[in-house]
Amino acid sequence: MTDRSIADASGASRASGASEAAAASAAEVPAGSAPVVIAIDGPAGSGKSSVSKQVARRLGYGFLDTGAAYRALAWHALEHGVETADAASVLDVLGEFDYAISLDPDVFWVRVGTSDVTAAIREPRVTDAVSGVARVPAVRESVNDLFRALIAASDRAGVVVEGRDITTVVAPDAPVRILLTAAPEVRAARRSAELTTQDAAAVAAALHRRDAKDAAVVDFLTAAPGVTVVDSTDLDFEQTVDAVLGVIHAGVSEQTGARDGR
Ligand SMILES: Nc1ncnc2c1ncn2[C@@H]1O[C@H](COP(=O)(O)OP(=O)(O)OP(=O)(O)O)[C@@H](O)[C@H]1O
Ligand SMILES: Nc1ccn([C@@H]2O[C@H](COP(=O)(O)O)[C@@H](O)[C@H]2O)c(=O)n1
């Protein structure tokens, strides 16, 4: 396998195949090389998707929002009238779950079959149902295989992958693993600033309820050994992106030094 370093990342991106939308190409990635994975976990509203997307743009990397797969499956289950709290019923619809996602941070879409569900998977009914779907072990195994395949199929130099168990389960060997967090009240305030038509207290309660359900399945509130915490409580968006980029560059220098015997 050809090695890819962060240093070669800025220009390397070309999209092909069903899983990745078009992106400009500035440099070819050697055939057969695996993308560098930047693994980012964190609780709801911590900034995982917005920060990861911007980091991916800055590096010329792909961006994989893993929560979108769980949300899309919850949407698919609801479309089939399935009770999402019932694991057996969720597994029934998993078999015909035809999922596709763009890894291009500038052209983001999510599809189930021929339906573009990019917006629909953010609806409150889906957000309320998603934890039920995500707690089913067979679902997790199935989507984790899918994530690894999507990453491997990317022809960008790297992919920023965000979720809840990326640093621990999906890509525990990633060269850079980050837990992105912020104080619960700050996360709730940021989320309610987005959802201006909804009651702020209800938005905060829903966010904390979802974290509690999700944390019973995977631990994304404490950093696993080797995982670097970035706390954005007192950082603005651009400062958070810079902090994450700083961790990435430090992690890669360390790896390169170790590989070169420095
Ligand atoms: N450091 C920051 N300062 C201010 N706002 C931020 C910061 N980081 C993220 N945000 C904003 O907070 C909101 C939540 O971010 P985002 O949707 O990326 O979180 P998330 O962790 O992906 O959430 P979820 O897991 O619920 O999908 C967004 O409006 C985003 O722009
Ligand atoms: N690695 C992951 C990612 C997500 N989930 C579940 O999906 C839900 C939606 O995720 P968002 O990041 O879009 O908020 C989340 O609440 C989890 O239930 C997961 O389990 N593992």
Side-chain angles (χ1 to χ4, degrees), residues 37 39-56 63-75 77 84-85 90 101 105 108 110 117-137 139-148 150-151 160-172 174 177-196 203-204 206-221 230-244:
V37 173
I40 302 186
D41 287 328
S46 60
K48 298 180 301 298
S49 52
S50 52
V51 171
S52 298
K53 203 181 267 187
Q54 185 64 3
V55 166
F63 158 68
L64 179 57
D65 173 348
T66 62
Y70 292 99
R71 287 175 179 272
L73 180 58
W75 176 88
T84 52
V90 171
I101 186 168
F108 185 70
V110 182
V117 297
T118 315
I121 62 171
R122 306 286 155 196
E123 288 171 6
R125 70 185 185 108
V126 174
T127 304
D128 290 346
V130 69
S131 301
V133 164
R135 76 181 171 80
V136 181
V139 165
R140 303 197 72 83
E141 280 168 32
S142 171
V143 297
N144 286 347
D145 287 346
L146 177 69
F147 299 149
R148 294 186 191 107
L150 285 166
I151 296 164
V160 184
V161 186
E162 60 90 358
R164 302 291 189 292
D165 59 350
I166 312 306
T167 62
T168 52
V169 178
V170 176
R177 295 179 299 146
I178 294 171
L179 181 70
L180 180 60
T181 190
E185 63 278 11
V186 170
R187 294 189 284 107
R190 287 174 184 165
R191 181 46 43 82
S192 49
E194 282 179 319
L195 305 173
T196 47
V203 168
L207 181 135
H208 297 315
R209 206 168 42 239
R210 184 155 63 95
D211 272 350
K213 280 189 201 159
D214 291 340
V217 178
V218 281
D219 184 5
F220 49 82
L221 298 173
V230 173
D231 185 339
S232 78
T233 303
D234 298 316
L235 304 179
D236 68 19
F237 181 76
E238 284 305 328
Q239 288 171 327
T240 309
V241 170
D242 287 341
V244 168

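Atoms within each ligand, like the ligands themselves, are counted from 1 in listed order.
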Q: Do T167 and D41 pair up side chain to side chain, a donor and an acceptor below 3.5 Å, judged on atom types alone?
A: yes

Q: Give me the nearest non-hydrogen protein atom to atom 16 (O) of ligand 2 as residue plus atom name, then the distance to 0.1 Å.
A: D214 OD2, 2.5 Å

Q: So which heavy atom in the protein is nearest atom 13 (O) of ligand 2, and how far is it from that ligand atom?
A: R71 NE, 2.7 Å

Q: Considering all heavy atoms of both residues, which atom of Y70 and which atom of V133 are nearest to each other, and what is their separation?
A: O-CG1, 4.1 Å

Q: Tell me, do I40 and V160 make a side-chain contact under 4.5 Å, heavy atoms counted?
A: yes

Q: Would you say the side chain of D242 lies within less than 4.5 Å of the side chain of Q239, judging by non-hydrogen atoms?
A: no

Q: Kindly compute the distance separating CZ (F147) from CG (D165), expressed to the nearest 0.5 Å.
A: 8.0 Å

Q: For ligand 1, which atoms, with element, lie under 4.0 Å from some heavy atom of R164?
A: 25 (O)

Q: Is D65 salt-bridged to R71, going by a charged N under 4.0 Å from an acidic O?
A: no

Q: Which residue owns the protein heavy atom closest to atom 5 (N) of ligand 2, what's the atom, and how far is it?
A: Y70 CD1, 3.4 Å

Q: Starting from atom 14 (O) of ligand 2, locate the nearest protein heavy atom and write down its residue, its atom name and how far away it is, to 0.1 Å.
A: R210 NH1, 2.8 Å

Q: Is it true that T127 and R122 share a donor-acceptor pair across their side chains at a distance under 3.5 Å?
A: no

Q: Take every heavy atom of G67, measure it against each atom of ligand 1, and state whether any distance is under 4.0 Å.
A: no

Q: Under 4.0 Å from a heavy atom of L235: which atoms of ligand 1 are those, numbered in the order shown and with their elements?
A: 1 (N), 2 (C), 3 (N)

Q: Is there a heavy atom of R191 sitting under 4.0 angstrom from any atom of ligand 2?
A: no

Q: Nearest 0.5 Å, please: how far is OG1 in T66 from CD1 in I166?
A: 3.5 Å

Q: Report yes or no: does K213 have a heavy atom closer than 4.0 Å to ligand 2?
A: no

Q: Which atoms from ligand 2 have a heavy atom of S131 less than 4.0 Å away?
A: 18 (O)

Q: Tell me the closest heavy-atom pair linking A243 and V230, and the distance in Å.
A: CB-CG1, 4.0 Å

Q: R140 versus V169: any side-chain heavy-atom pair under 4.5 Å?
A: no

Q: Between atom CD of E162 and atom CG of L180, what is the distance when rounded to the nearest 0.5 Å?
A: 9.5 Å

Q: In the protein, what heavy atom is nearest to atom 10 (O) of ligand 2, and what distance, to one decimal place, separates them?
A: G67 CA, 3.4 Å

Q: With heavy-atom distances below 4.0 Å as the criterion, list the atoms of ligand 1 near S50.
A: 9 (C), 15 (O), 16 (P), 18 (O), 30 (C), 31 (O)

Q: For E238, state whether at least one heavy atom is located under 4.0 Å from any atom of ligand 1.
A: no

Q: When rounded to the nearest 0.5 angstrom, what is the spacing between CD1 in I101 and CG in L64?
A: 5.5 Å

Q: At their closest point, which heavy atom of D231 faces which heavy atom of A183, and how far apart are they?
A: OD1-N, 4.5 Å

Q: Can you tell me if R190 and S50 form a side-chain donor-acceptor pair at under 3.5 Å?
A: no

Q: Can you tell me if S46 has a non-hydrogen atom under 4.0 Å from ligand 1?
A: yes

Q: Within this structure, what is the OG-CG distance for the pair S46 and L179, rounded to the nearest 0.5 Å?
A: 7.5 Å

Q: So which of G47, A243, G45 gets nearest to atom 16 (P) of ligand 1, if we judge by its closest heavy atom?
A: G47

Q: Under 4.0 Å from ligand 1, counting heavy atoms only, is it the side chain of R210, its backbone, both or neither?
A: side chain

Q: Among T233, T181, D211, which residue meets the side chain to side chain donor-acceptor pair (under 3.5 Å) test with R187?
A: D211

Q: Which atom names give the shortest non-hydrogen contact between S131 and R210, and what distance separates them?
A: OG-CG, 3.5 Å

Q: Could you tell me which atoms of ligand 2, counted from 1 in the order shown, lie closer than 4.0 angstrom to a heavy atom of A134?
A: 6 (C), 18 (O), 20 (O)

Q: Does the residue A182 have a heavy-atom contact with ligand 1, meaning some pair of atoms that are separated by less than 4.0 Å?
A: no

Q: Go through ligand 2 atom by atom and flag the ones less than 4.0 Å from a non-hydrogen atom of T66.
A: 1 (N), 2 (C), 3 (C)

Q: Where is the nearest protein heavy atom to atom 1 (N) of ligand 1: which residue, which atom, and how far?
A: T240 OG1, 2.8 Å

Q: N/O of R191 under 3.5 Å from N/O of ligand 1, yes or no?
A: yes

Q: State the CZ-CG distance between R209 and D128, to the nearest 0.5 angstrom.
A: 6.5 Å

Q: For atom 12 (O) of ligand 2, what is the nearest protein heavy atom, given as residue, atom name and distance?
A: R164 NH1, 2.9 Å

Q: Heavy-atom pairs closer than 4.0 Å: do any link ligand 2 to the side chain of D165, the backbone, both, or neither?
A: both

Q: Would you say D65 and ligand 2 have an N/O pair spaced under 3.5 Å apart?
A: no

Q: What atoms of ligand 2 come closer than 4.0 angstrom to any heavy atom of G163?
A: 1 (N), 3 (C)

Q: Report the nearest protein non-hydrogen atom to atom 20 (O) of ligand 2: residue, atom name, distance rounded to 0.1 Å.
A: R140 NH1, 2.8 Å

Q: With heavy-atom distances below 4.0 Å as the criterion, list the atoms of ligand 2 near R122.
A: 13 (O)

Q: I need the contact type for A193 against ligand 1. Using non-hydrogen atoms and a strict under-4.0 Å cut-off, is it side chain, backbone, both or neither?
A: neither

Q: So which protein heavy atom does atom 25 (O) of ligand 1 come closest to, and at what separation?
A: K48 NZ, 2.7 Å

Q: For V130, take its heavy atoms, then give the atoms of ligand 2 lying under 4.0 Å from any of them.
A: 7 (O), 8 (C), 16 (O)

Q: If you compare all heavy atoms of A171 against all heavy atoms of A39, which two are closest, and at what distance to 0.1 Å?
A: O-CB, 4.4 Å

Q: Pull out every atom of ligand 1 sitting under 4.0 Å from any heavy atom of P43, numbered as shown with elements.
A: 21 (O)

Q: Just need the protein heavy atom nearest to atom 12 (O) of ligand 1, so name the residue and atom and give the distance.
A: R190 CB, 3.4 Å

Q: With a cut-off of 4.0 Å, which atoms of ligand 1 are near a heavy atom of E194?
A: 13 (C), 28 (C), 29 (O)

